[in-house]
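One structure is given below, encoded as structure tokens.
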Number of protein chains: 2
Amino acid sequence: MDETTSRPKRALVPDTKAALEDIRQTLSQLVGYHLRRASVYDMNGAVAALEAVDARPITMSVLVSIVEQPGRTSADICRILAIKRANIVGLLQALESRGLFTRRDDPADQRLQRLYPTPEGIEAARHWLSLVQAHEDRILARLSAGERAELRRLLALVWADERTEDG
Amino acid sequence: MDETTSRPKRALVPDTKAALEDIRQTLSQLVGYHLRRASVYDMNGAVAALEAVDARPITMSVLVSIVEQPGRTSADICRILAIKRANIVGLLQALESRGLFTRRDDPADQRLQRLYPTPEGIEAARHWLSLVQAHEDRILARLSAGERAELRRLLALVWADERTEDG
DNA sequence: ACAATATTGTTATGCAACATAGCAGTCAAT
DNA sequence: ATTGACTGCTATGTTGCATAACAATATTGT
């Protein structure tokens with residue numbers, strides 16, 4: 001990777017015609033814009049779908065993390081979901097006050113509170129997920145089952161190295 | 001139908017085993033989570049890439065909108081990018097103070113200010129886009145050219161009806 | 001053994017993105 | 001001629017997310 005790409009020096013006088021060509025060419029390939037628009041669009045729908053149960057997407061993700069693997073700590077979940085420890089406190093308090101999970105001190109490490117779902121928590125996770133899935137069925141109606149799977153695979157590939165890099 | 005058959009009634013007490021099965025099944029199909037993670041990951045990189053030129057992704061999008069089709073109004077751009085009119089004011093002021101576009105009153109409709117890029121604006125759009133594209137080449141390294149095109153197509157399909165619905 | 005360092009859960013606080021409400025000026029329509 | 005709609009703009013509120021710091025506990029290095 002050269003730091004200074006050796007370009008023919010049309011740098012002094014900008015060739016607006018060639019620049020416009022460059023711009024259209026680049027624009028036609030950009031995926032980040034569509035990624036953003038699709039994500040925002042999807043998130044808005046997910047938020048709306050979860051309003052019925054007084055939860056947000058991040059709330060559901062935290063609960064699902066507990067249900068998926070009981071005994072996780074809040075720090076575990078923060079690492080998994082890439083959120084800050086400071087910001088999970090309120091989410092956990094809300095879930096706990098609704099009786100969806102319980103905290104149990106780790107006997108071997110007194111810093112840790114291990115989190116275990118209640119039966120109500122498991123049922124809530126199932127229900128909330130079903131709401132989100134119904135929303136996705138709506139938003140992905142234009143995609144075949146195969147295309148959905150492919151989209152999922154490609155997206156997972158995009159952020160796959162977020163962990164491996166410096167996570 | 002037959003109430004007398006000796007089958008366990010799992011309607012009253014939620015069957016946690018079946019619920020967990022449901023949850024795993026749904027989780028394996030969810031695309032929204034990956035959409036969000038990929039988008040955030042990409043945005044972080046895009047923000048970093050544009051810091052070198054003291055711009056943000058939304059700033060670039062506005063400038064590109066002007067360059068792409070000179071004569072657009074700020075309200076036009078707001079509709080295209082799905083941002084509020086109140087929030088484009090500062091972005092335009094920043095771009096204008098850097099001499100990247102100029103405003104010209106519409107002679108036929110005195111409410112409108114039509115926006116036209118300067119040569120410097122066109123060059124900046126090209127340069128900024130190249131920075132973002134370099135970032136995308138990094139973040140999409142695991143995808144083939146065909147996969148990138150497919151991802152782009154599928155994402156465009158996802159938010160395609162944002163316009164057609166109630167936009 | 002013990003000092004230095006790291007981790008957990010938590011509070012307090014700042015910030016930046018984004019939405020809402022309202023304005024005066026202009027246009028369109030019946 | 002009034003009513004409604006649109007533009008560019010100011011002011012303001014909400015909120016998601018980040019930083020900084022803390023006490024308690026655990027781990028590491030020497």
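Reminder, nothing fancy here: chain letters follow the sequence lines and each chain counts from 1. Everything quoted here is computed from the prediction, not taken from an experiment.
Among pairs with a residue in residues 85-102 of chain A, those fulfilling salt bridge (charged side-chain N to carboxylate O under 4.0 Å, His left out) read A:Glu96-A:Arg103, at least two apart in sequence or across chains. Annotation: salt bridge (charged side-chain N to carboxylate O under 4.0 Å, His left out) contacts involving residues 61-73 of chain A, sequence neighbours excluded, comprise A:Glu68-A:Arg72. For residues 138-148 of chain A, every residue pair satisfying the salt bridge (charged side-chain N to carboxylate O under 4.0 Å, His left out) rule, not counting sequence neighbours, is listed here: A:Asp137-A:Arg148, A:Arg142-B:Asp161, A:Glu147-B:Arg153. Each salt bridge (charged side-chain N to carboxylate O under 4.0 Å, His left out) pair with one or both residues in residues 23-51 of chain A, not counting sequence neighbours, appears once here: A:Arg37-B:Glu162.
Contact check of residues 77-98 of chain B against DNA chain C (heavy atom, cut-off under 4.0 Å) returns B:Lys84, B:Ala86, B:Asn87. In the region residues 60-73 of chain A, proximity to DNA chain C at under 4.0 angstrom, judged on heavy atoms, holds for A:Thr73. Near DNA chain D, meaning a heavy atom under 4.0 Å from it, residues 99-115 of chain A has A:Ala108, A:Asp109, A:Gln110, A:Arg111 in order of number.
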Side-chain atoms of residues 77-84 of chain A: list all donor-acceptor pairs with protein atoms under 3.5 Å, sequence neighbours left out, distances to 0.1 Å.
residue : atom : partner : partner atom : Å
A:Arg79 : NH2  : A:Asp76 : OD1          : 2.9

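B:Val132 and A:Val40 fall into different hydrophobic clusters, where Ile, Leu, Val, Met, Phe, Trp and Tyr residues are linked whenever their side-chain heavy atoms come under 4.5 Å apart, directly or through other members. In the hydrophobic cluster analysis, where Ile, Leu, Val, Met, Phe, Trp and Tyr join through side-chain heavy atoms closer than 4.5 angstrom, B:Leu30 is grouped together with B:Leu154. A:Leu100 and A:Tyr116 are members of different hydrophobic clusters when ILVMFWY side chains are connected at heavy-atom separations under 4.5 Å. When hydrophobic clusters are built by joining Ile, Leu, Val, Met, Phe, Trp and Tyr residues whose side-chain heavy atoms come closer than 4.5 Å, directly or via intermediates, A:Val47 is not grouped with A:Val64. Both A:Ile66 and A:Ile58 are members of a single hydrophobic cluster when ILVMFWY side chains are connected at heavy-atom separations under 4.5 Å.
To the nearest 0.5 Å, the span separating CZ on A:Phe101 from CG on A:Leu92 amounts to 4.5 Å.
Rounded to whole Å, the distance from CE on A:Met43 to P on C:dC18 is 13 Å.
Aromatic ring pairs are classed by plane angle as parallel below 30°, tilted from 30° to 60° and perpendicular above 60°; the pair A:Trp159 and B:His34 is tilted.
Here chain A contacts DNA chain D (any atom closer than 4.0 Å to a heavy atom, that is under 4.0 Å), and the contacts span D:dG16 to D:dA26 from 5' to 3'.
Applying the salt bridge (charged side-chain N to carboxylate O under 4.0 Å, His left out) criterion to B:Arg111, with sequence neighbours excluded, gives B:Asp109. Listed by chain and number, the residues in a side-chain hydrogen bond (donor to acceptor under 3.5 Å, both in side chains) with A:Asp105 amount to none (sequence neighbours excluded).
One end of the helix from C:dA1-D:dT30 to C:dT30-D:dA1 points its axis 30° away from the other end's axis, with each axis taken from 5 pairs and the angle rounded to 10°.
Side-chain contact between B:Val31 and A:Glu136 is present, with heavy atoms from C-beta onward closer than 4.5 Å.
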